[in-house]
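What follows is one structure encoded as structure tokens, with my remarks underneath.
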Number of protein chains: 2
Amino acid sequence: MSEKPVSSAGLRRDMEILEVLAGHGDGPDADGFGVNWIAQRLGREKSQVSRALRALEAEGMVERDPVTRRYRLGWRLFSLAARTQQSRLVRVAEPFLRHLATLFDEDTHLCVLRGEMVLTLSSVPSSRAYHRIWEGVSVPVIMAAAGRSLLADWEDEQIRELLRAALPSGLDSAIGGEEQWLADIEHVRTAGYAVTDVELEDSAAGVSAPVREHRGLIAAAISVSVTRTPAESRMREMGAVVAETARRLSTALGLPPGAPGSGADRSPDPAGSAGGR
Amino acid sequence: MSEKPVSSAGLRRDMEILEVLAGHGDGPDADGFGVNWIAQRLGREKSQVSRALRALEAEGMVERDPVTRRYRLGWRLFSLAARTQQSRLVRVAEPFLRHLATLFDEDTHLCVLRGEMVLTLSSVPSSRAYHRIWEGVSVPVIMAAAGRSLLADWEDEQIRELLRAALPSGLDSAIGGEEQWLADIEHVRTAGYAVTDVELEDSAAGVSAPVREHRGLIAAAISVSVTRTPAESRMREMGAVVAETARRLSTALGLPPGAPGSGADRSPDPAGSAGGR
DNA sequence: ACTTATTTTGCGCTGAATGCAACCAACCGC
DNA sequence: GCGGTTGGTTGCATTCAGCGCAAAATAAGT
């Protein structure tokens, strides 16, 4: 009659504490929070919070600045998440891919970037008959429909470098020149998806959108290949849907609500003058 | 003298469970883990694990596949992890790592010191095929390529202490003796980077350089592992580039242009942070 | 259907978390 | 130096929540 004894009290308390520590935005955001502040915010006993925090620290869930005595989230959370993110990606993405595959009735793929190659992790085929199996196959990033989405966070300079290295011959016209690429990528940054016309023979055209993991980095891309190219407007429609799906997948992977385009901080050029090769 | 009332029992149990869920590599890696398997692996009561998992699920720390009934880490954990200090560091460092990875076409890592272990925060793989995933994994500081860079600000005496504690057997020759270490570290202080020959099997050799945060303290290290060892001179070239990149990253983190060697204040007693005991 | 494998639940008992208050330690202005 | 204020830890009796055992429920084979 009272309530459900669903979750244990101690755990709930710990989670509340972690949530407070995670919550940037209110209070002295500067760095970390003191015991008293947390206790007051949760309406709990100081002693309780103090002890809980010491336990959490012993486990590495939080860490304490030795000088300011303030707590913040610890390395253990990061470590746990980082080790699992990889395997989690495919599993969590599957229903999203299937949704798109049935919605458009086109082959839908999940791709990741490895070096300068795009690796297809999983595919959901359309209802139409045989398809080429892409799972486990790598193709050069400039050839893949998902390429533009996967590179969206790269510095323009790095992209140019990659393109110049990967476009030895006069293929420029075939897959679009450097400027076309940069324009496409800018489109990914603003609109959230990419539209490609002609690249690999098998997947003539397609739309793709970047998927971000918990840290906000682009971890993968959803790519829908289109066999018979529809009208331009239709492609854009599809792109918007794919982008939205990719965004929801990102959230399911733990990406916090903020910074969808990751416009947060385009960090300064790491290359600089270090040209030596 | 029986035991230490360090950490609470329930929390420790929960952490052990999470650690099992994060640890893919043994057991039915495929998808999550069942209650029984976890209980057996931890040597705990099934009932205990069952209840703990339900509580963790209610908090979103783990999630259960409704059909296979297996557990795996949940969105809440990832969401929290995204807001750690380490995540911020990773996000800022990523383009710098990528720059090095493409420049050398070698795996590039960002590592931090945690107690006497080196935790790899993020890795950017080279174009060459499959590599071991190091993200979220810790290795002893004496085994890591980044170790020398991370310890560069320590007092010689403390380094000796650490080495003596960490070198129980006759490994000295394998990874270089005390004096070799101190010489290497002195090299980091003067030249800004470290070169290591043979440590972990997987990352045979590499170069690394320390990254400093706004106060000038070493917060992390960039480490480029080299699979096929190139000539000595080439390694030194790479070292210089890595050091320069690390310095740019430091600046991006808020380090003022001055005091690159941070000879400013060799902090008197960092020993307080010593881990287990 | 039966048998096995896996997970959940009921329930006394014990140990660990709770809350209060006292205690400790900085920090601040004077 | 002193009293005051803020921030954090510790001692201790009470009490409640988690523990383990075993039995019930559920799923999965055969």
Side-chain angles (χ1 to χ4, degrees), chain A residues 1-18 20-21 26-59 61-72 74, chain B residues 1-18 20-21 26-59 61-74 268-269 272-273 277:
Chain A
M1 49 186 73
S2 52
E3 291 177 17
K4 324 170 195 175
V6 199
S7 171
S8 96
L11 177 59
R12 172 158 291 274
R13 166 179 48 68
D14 292 347
M15 291 305 301
E16 284 177 5
I17 291 177
L18 291 179
V20 168
L21 289 180
D26 30 37
D29 191 329
D31 88 294
F33 303 90
V35 172
N36 239 324
W37 198 86
I38 300 172
Q40 203 167 326
R41 199 174 194 295
L42 295 180
R44 290 180 184 272
E45 267 300 311
K46 305 143 27 121
S47 58
Q48 206 182 135
V49 175
S50 174
R51 287 191 255 248
L53 277 169
R54 190 190 313 146
L56 286 168
E57 185 189 21
E59 296 295 339
M61 293 293 276
V62 304
E63 53 196 19
R64 179 175 228 177
D65 189 310
V67 48
T68 69
R69 314 229 94 195
R70 282 156 177 252
Y71 286 99
R72 60 188 134 90
Chain B
M1 62 168 67
S2 54
E3 293 176 16
K4 325 153 194 179
V6 204
S7 169
S8 101
L11 177 60
R12 172 160 292 274
R13 163 180 49 70
D14 292 346
M15 291 306 302
E16 285 177 3
I17 290 177
L18 291 178
V20 169
L21 290 180
D26 31 32
D29 187 328
D31 55 340
F33 303 90
V35 173
N36 230 332
W37 198 86
I38 299 173
Q40 204 167 323
R41 199 174 195 293
L42 294 180
R44 290 179 184 272
E45 268 298 314
K46 315 135 177 277
S47 58
Q48 207 182 135
V49 175
S50 174
R51 287 192 254 248
L53 278 169
R54 187 189 318 143
L56 286 169
E57 186 189 20
E59 296 296 339
M61 291 295 277
V62 305
E63 56 194 20
R64 177 174 233 178
D65 189 311
V67 49
T68 69
R69 317 228 99 198
R70 284 158 178 244
Y71 285 101
R72 70 189 102 91
L73 298 182
D269 179 27
S273 61
R277 186 119 322 164

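Each chain gets a letter, A, B and so on, in the order the sequences are listed, and its residues count up from 1. Since this is a predicted model, take the numbers as computed values, not measurements.
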Whole-Å gap separating [atom2] ([N]) and [atom1] ([X]):
| X | N | atom1 | atom2 | result |
| --- | --- | --- | --- | --- |
| A/Leu11 | C/dA16 | CG | P | 18 Å |
| A/Arg12 | C/dT18 | CZ | P | 14 Å |
| A/Gln40 | D/dG8 | CD | C1' | 14 Å |
| A/Glu45 | D/dC12 | CD | C1' | 15 Å |
| A/Leu42 | C/dG19 | CG | C1' | 16 Å |
| A/Arg44 | C/dA17 | CZ | C1' | 12 Å |

Just the atom pairs and distances: protein N or O near nucleotides 7-9 of chain C's N or O, under 3.5 Å.
| from | atom 1 | to | atom 2 | distance (Å) |
| --- | --- | --- | --- | --- |
| C/dT7 | OP1 | B/Val35 | N | 3.2 |
| C/dT7 | OP2 | B/Val35 | N | 3.4 |
| C/dT7 | OP2 | B/Asn36 | N | 2.6 |
| C/dT8 | OP1 | B/Arg64 | NH1 | 2.6 |
| C/dT8 | OP1 | B/Arg64 | NH2 | 3.0 |
| C/dT8 | OP2 | B/Ser50 | OG | 2.5 |
| C/dT9 | OP2 | B/Arg54 | NH2 | 2.2 |

State which residues pass side chain to side chain donor-acceptor pair (under 3.5 Å) with A/Asn36; sequence neighbours excluded, sorted by chain then number.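 Residues passing side chain to side chain donor-acceptor pair (under 3.5 Å) with A/Asn36: none at all.
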With sequence neighbours left out, write down each residue that passes side chain to side chain donor-acceptor pair (under 3.5 Å) with B/Glu16, or none if nothing qualifies.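 Residues passing side chain to side chain donor-acceptor pair (under 3.5 Å) with B/Glu16: B/Arg44.
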Residue closer to the 5' end of DNA chain D, A/Gln48 versus A/Gly10 (nearest nucleotide):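 Going by which nucleotide is closer to the 5' end, it is A/Gln48.
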Atom pair [atom1] ([X]) and [atom2] ([Y]), whose distance is rounded to the nearest 0.5 Å:
| X | Y | atom1 | atom2 | result |
| --- | --- | --- | --- | --- |
| B/Gln40 | B/Lys46 | CD | NZ | 7.5 Å |
| A/Leu11 | B/Glu59 | CG | CD | 5.0 Å |
| A/Leu21 | A/Arg70 | CG | CZ | 11.5 Å |

Shortest non-hydrogen contact from A/Val62 to A/Leu53?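 Looks like CG2-O, 3.8 Å.
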If I compare all heavy atoms of A/Glu57 with all of A/Arg64, which pair ends up nearest, and what's the gap?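 Shortest heavy-atom separation between A/Glu57 and A/Arg64 comes out as OE2-CB, 3.5 Å.
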Hey, does B/Arg13 reach any base, or is it just sugar-phosphate, or nothing, if we go heavy atoms under 4.0 Å?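 If one applies the 4.0 Å heavy-atom cut-off, B/Arg13 turns out to touch the sugar-phosphate alone, with no base involved.
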Roughly how bent is the helix from C/dA1-D/dT30 to C/dC30-D/dG1 end to end, in steps of 10 degrees, with each end axis from five pairs?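 About 50° separates the two local helix axes.
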Suppose we screen for salt bridge (charged side-chain N to carboxylate O under 4.0 Å, His left out). Which residues come up paired with A/Asp65, at least two apart in sequence or across chains?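 Partners of A/Asp65 by the salt bridge (charged side-chain N to carboxylate O under 4.0 Å, His left out) criterion come out as none, since no residue qualifies.
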Please enumerate all residues that pass side chain to side chain contact (heavy atoms under 4.5 Å, CB included) together with B/Glu45, with sequence neighbours excluded.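 Testing B/Glu45 for side chain to side chain contact (heavy atoms under 4.5 Å, CB included), a comparison that skips the adjacent residues, returns B/Ser47, B/Gln48.
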